[in-house]
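Step one of this worksheet: look at the structure below.
Every chain is numbered from 1, with letters handed out A, B, ... down the list of sequences. Predicted, not measured: the structure shown is a model, and the values here were computed from it.
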2 protein chains.
Amino acid sequence: MTNERVRTAEPARGGGRPGLRDVAELAGVSHQTVSRVFKDHPRVSAETRAKVLAAAAQLDFRPNAIARALATGSSRTIGVVSFDTTLFGPASMVSAIEGSARDADYFVSVVGLASPSRRSVAEAADRLRGQGVDGIILIPGHVPADQVVRHLPPVLPVVALAPAQTVASAVVDQHDGPLAAVRHLLDLGHTTVHHAAGPTDWPEARDRMRGWRDALTAAGAPVPEPVPGDWSAASGYERGKALALDPSVTAVFAANDHIALGLLLALHEAGRRVPEEVSVIGFDDIPEAAFFSPPLTTVRQDFAALGRRSLALLLDQIGAVGAPAAPAGVVIPTELVVRRSTAPRRT
Amino acid sequence: MTNERVRTAEPARGGGRPGLRDVAELAGVSHQTVSRVFKDHPRVSAETRAKVLAAAAQLDFRPNAIARALATGSSRTIGVVSFDTTLFGPASMVSAIEGSARDADYFVSVVGLASPSRRSVAEAADRLRGQGVDGIILIPGHVPADQVVRHLPPVLPVVALAPAQTVASAVVDQHDGPLAAVRHLLDLGHTTVHHAAGPTDWPEARDRMRGWRDALTAAGAPVPEPVPGDWSAASGYERGKALALDPSVTAVFAANDHIALGLLLALHEAGRRVPEEVSVIGFDDIPEAAFFSPPLTTVRQDFAALGRRSLALLLDQIGAVGAPAAPAGVVIPTELVVRRSTAPRRT
DNA sequence: ACGGTATGAGTTACCGGTAACACTCACGTC
DNA sequence: GACGTGAGTGTTACCGGTAACTCATACCGT
């Protein structure tokens, strides 16, 4: 072994970053006083505070968040477990969560999912717990949040960005939006509206389908068989090819904008003009939607609001002292954005 | 004051989560031995290890990562400072970083930018430093990474996902891709290629423009004035409207796919067919690009590879003992993806 | 039989903060 | 003048791990 120990016999605490005690020594006070200054404790004289701050500045002292976390039991970090953060929805929510967290002086630790399974979500949450986060926000995709939460200690604050009974949750209204979308098409004179659905193991997909169906039945319109598929543009494209062959199809409600994009391409290739011959409506309002050909009429989900609200909910729980109140549920409304992919039915 | 102190006089350490010492007591060993078991220290007999693990399981003991971080000086957390994580590029990189980090048993703490300014990046990096991260990955947008790094302590491992001299960096080749794109169009018989550029204060935008220009001059083709704008589809749309009016425009290279999307819409609205009359080529290959109308020929950037490589670079630095080696630079190649928005020039 | 060494485990100190409590004054009150 | 009070500060212990060092024992070769 070569002697690689460089740790010289310094006058105590020489090498590393300065600590509370170094500042204290320099300022001629106790380390506790320095601690008080950095906690904004009221009972510190202005004079002392100034001395301490001067010493701290001179040493470029920065309080060690980890030591603080150990002593206080709070890491001021919240964990986010998310489904594919590459997608616009999750990415927007995570981004909004982080932004709000930053404003509240919290950090955000993100853990992605190895697979969209219950096990994977539970594992991710567990890792986060081990890391000492003060709370967790779940963006579980189609994994039922309630089941995941069962494996977590009940004292850990959790918010789900998905429907849930046993934990606080923030969700977008999945019923009124589809309703408005279908009504919009019906109002334009379409006798019915077809539905390119999302994967039926997703609650969102089921809710949107229900909204679509309710609007149709409420208007006494026939309810065509929904066309199943996944959330992708590729799936929308495949379904669009089939839909394009059916001349009776004049209006389609897609379960999200990506499906709508695929639809648009298939319709375009089949020579069926949008919106003149077929109206298409999406869901989400991704930033690109306004520049589809034609610009897509769609139902806007405010992902950012969702993220912000979920964080607020979580911080409430973290701040709450006593018994965990009944799980709060926030529902965010949607907004129909009419652009140019919908038009009156040609008579 | 009502007596809210519920802290009952328990047999020592009653309330909170079990610690090393609780496990030790139950297993009849010293706390250090328990620590050894959880560190996978080799010098623990199989028998003792089993006893400890049994006790730990019984107590549902989980080592406290914060205490460990304080003792070891390493939090096994890396920080990511990123430009708008709502965008596909940054989102993909962060996601890939997190995935790789997870495999290496690291956590990722993401901090977004309040504004895309040098100050903001430096502040974010500073916050992360205060939180005790083991290293930082910078996705600084157009903010020069080198300048940000100057304010950071030289011992902190940093990797920039942007061109940089003074720190390790991982970037996509921004020259060959545009070159290939333009060559592709020239090979199709176009006499020249117009360029809907990105914002010129971005290095990427400048490099892509340079690649475009180089390809043109190398082929002896005339170099039209590049059309400036930002990265958005809206900007692409505006420029597309102008380009559509000029019948001499038969091929356009857009600095990214969003611009191309806007271009496509404007061209479509002006009645100029793509690719029959005008070829359009993008950059990035966002997932939607394959379903644009028509599917977009574009230059693929492998954001995920970028993220993975940057993390590998960072872990190398964290693992490296002695002097910081010369900053490594990784360049990831691009790939031209030919779809249907490009076609031979009509003669 | 004896020193040398590897193995397995324990003891004590320490990481850098915070919390609880003790202490010293200055001040106001009766 | 004794005493209660509150502001400002210091002392000591503790959060839950790890590191360094110590120690007892077993095994080895000679």
Side-chain angles (χ1 to χ4, degrees), chain A residues 1 5 7 9-10 12-25 27-52 55-56 59-76 129-132 134, chain B residues 1 5 7 9-10 12-25 27-52 55-56 59-76 129-132 134:
Chain A
M1 311 272 161
R5 288 270 289 276
R7 205 181 288 178
E10 298 226 0
R13 315 202 29 70
R17 279 164 38 188
L20 226 42
R21 282 145 177 105
D22 302 280
V23 177
E25 193 180 348
V29 298
S30 77
H31 64 105
Q32 182 60 253
T33 299
V34 179
S35 171
R36 290 196 180 103
V37 168
F38 278 89
K39 268 186 307 184
D40 281 323
H41 188 103
R43 307 248 166 98
V44 183
S45 74
E47 194 188 358
T48 308
R49 180 185 308 273
K51 262 196 311 190
V52 168
L59 263 43
D60 189 28
F61 165 77
R62 338 199 24 106
N64 182 325
I66 292 175
R68 176 177 304 189
L70 180 59
T72 59
S74 161
S75 59
R76 292 200 82 81
R129 177 159 80 98
Q131 202 226 16
D134 291 349
Chain B
M1 309 271 164
R5 286 271 289 275
R7 206 181 289 179
E10 296 226 1
R13 317 203 28 69
R17 280 167 35 190
L20 227 40
R21 283 148 177 104
D22 301 280
V23 177
E25 193 179 348
V29 298
S30 77
H31 65 105
Q32 181 59 256
T33 299
V34 179
S35 170
R36 290 199 180 102
V37 169
F38 279 89
K39 267 187 306 183
D40 282 321
H41 188 102
R43 308 253 165 96
V44 183
S45 72
E47 193 187 359
T48 308
R49 181 186 307 274
K51 263 195 312 190
V52 168
L59 264 42
D60 187 28
F61 166 76
R62 334 198 28 103
N64 181 325
I66 292 175
R68 178 178 304 198
L70 180 60
T72 59
S74 161
S75 58
R76 292 200 82 81
R129 176 158 80 99
Q131 202 228 14
D134 292 349

Residues from residues 41-50 of chain A lying under 4.0 Å of DNA chain C - heavy atoms: none

Nearest-Å distance for atom pair CZ/P, residues A:Arg76 and C:dG17: 17 Å

Taking only the side-chain heavy atoms of A:Leu70 (C-beta and beyond), determine which of D:dT18, D:dC15, D:dG17 contains the nearest atom. D:dC15

Any side-chain heavy-atom pair of A:Asp134 and A:Ser75 under 4.5 Å: yes

Is there a side-chain contact between B:Arg49 and B:Asp40 (heavy atoms, below 4.5 Å)? yes

Measure CG/B:Asn64 against P/D:dC14 and give the value in whole Å, please. 18 Å

Would you indicate, yes or no, if C:dT18 has its OP1 or OP2 atom less than 4.0 angstrom from a side-chain nitrogen or oxygen of A:Ser35? yes

Quick one: which residue pairs count as a salt bridge (Lys or Arg N to Asp or Glu O under 4.0 Å) with a foot in residues 61-70 of chain A, not counting sequence neighbours? A:Arg62-B:Asp126

Return no unless some side-chain N or O of B:Lys39 is found under 4.0 Å from OP1 or OP2 of D:dA19. yes

Would you mind reporting whether A:Glu25 and A:Arg21 have side-chain heavy atoms less than 4.5 Å apart? no

Please report the interatomic distance CG(B:Leu70) to CG(A:Asn64), rounded to the nearest 0.5 Å. 6.5 Å

Check the distance between C:dG16's P and A:Leu59's CG and give it to me in whole angstrom. 13 Å

Rounded interatomic separation in angstrom, taking CZ from B:Phe61 and C1' from D:dG16: 8 Å

d(CD1, A:Ile66; C1', C:dT18) in whole Å: 16 Å

I'd like a table of atom pairs between the protein and nucleotides 10-13 of chain C - only N or O on both sides, under 3.5 Å - with the distance next to each one.
residue : atom : partner : partner atom : Å
C:dG10  : OP1  : B:Ser30 : N            : 3.4
C:dG10  : OP2  : B:Ser30 : N            : 2.8
C:dG10  : OP2  : B:Ser30 : OG           : 2.8
C:dG10  : OP2  : B:Thr33 : OG1          : 2.5
C:dG10  : N7   : B:Arg36 : NH1          : 3.4
C:dG10  : O6   : B:Arg36 : NH2          : 2.5
C:dT11  : O4   : B:Gln32 : NE2          : 3.4
C:dT12  : O4   : B:His31 : NE2          : 3.3

